[in-house]
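Read through the structure below, which is laid out as structure tokens, and then see the notes.
What you are looking at is a predicted structure, and each value in this text was computed from that prediction instead of being measured.
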Amino acid sequence: MSKVLKRAYQFLLLSYPTVTRTERGSVELDTLMEVSRPNRVLPRFGEARAIVVEGIRERVRRNGGTKYLNGAFSGWVVIGLLLLSLIDPRILIGLSIALLTPAVAMVMVISTYGSGSLSTKLTFPGMCLGVMVLLWMRVRVLVRRTLASINQV
Amino acid sequence: MKKSDPKSAAALSESAYLVLAALAAGPTHGYELIARAREISSGRVTLPVATLYGTLDRLMGRDHIELVSEEVVDGRARRTYALTDGGQGLLTDETARMSQLVTAVAAVQRKSLAARSVLMA
């Protein structure tokens, strides 16, 4: 099971620029595994969010501006999330549920995109996907907490 | 007297402060730093791993901390960090700044409490 978790964290670490990942990726991964409970399967919400936030921060810092956020990064986030959902089908289920409402709006926006590189086209949907997955993970935590509080006398 | 570097003293995030405080107890590695930070904050703050290493990177870039050693323990890569003299100074400055705030706020609260009790009487 910890193998799945490790792979999940590895994919999340793809949000780091390559330089950062080679610099401290393995140390960070080892620490992530060290702090997780042994029976853990999915990354903790707080850890996942922190990795993505650090990834954005590093990319902005290394590229000297927010302009870069419109580039390849969101493409990588999409790929990472799709790969994550391959590991755990629950992510895919959550994704499809979360996608239902804003799907129409997204399709409209994507269809207005003209020419441009693939990564440019993926920017907005990528961001939406990322936010929705984070939201869904949050919902999952809330549901679990609620259930736990119901069980408590 | 001119302050050493007002910007670096004022712009210290909570996680950076906690990391410096945790390192004040002696050089250590990431996992232990998270545990120490949690202890210092009486369980309130559990630093996410990515935030910790990001903070360590930024503190190292400003020479507040330094990498002491890098080794593999039980198949896990470990980096040990230590406070530099600059980091020690920053921690002292920041602590003084915050305790000044605490004292000032406590005085304001005492005053407003006294005013209220006068009104009540």
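A:Ala50 approaches B:Pro48 most closely through the heavy-atom pair CB-CB, 3.4 Å. When every heavy atom of A:Arg24 is checked against every heavy atom of B:Asp57, the shortest pair comes out as NH1-OD2, 2.8 Å. Residue A:Thr31 comes nearest to B:Gly30 through the heavy atom pair CG2-C, 4.3 Å, listed as atom of the first residue, atom of the second, then distance.
The side chain to side chain contact (heavy atoms under 4.5 Å, CB included) test applied to A:Glu34 returns B:Tyr31, B:Arg76, B:Arg78, not counting sequence neighbours. For the side chain to side chain contact (heavy atoms under 4.5 Å, CB included) test, residues two or more places apart in sequence or in another chain that qualify with B:Leu67 are B:Met60, B:Glu70, B:Arg79, B:Tyr81.
Expressed to the nearest 0.5 Å, how far OG1 of B:Thr46 lies from CZ of A:Arg44 amounts to 6.5 Å.
Hydrophobic clustering of Ile, Leu, Val, Met, Phe, Trp and Tyr side chains at less than 4.5 Å, counting indirect connections, keeps B:Ile34 apart from B:Val68.
If you measure heavy-atom distances from A:Glu28 to chain B, the contacts under 4.5 Å come from both the backbone and the side chain.
No other option in A:Val35, A:Ile51, A:Thr20 has as many heavy-atom pairs under 4.5 Å with chain B as A:Val35.
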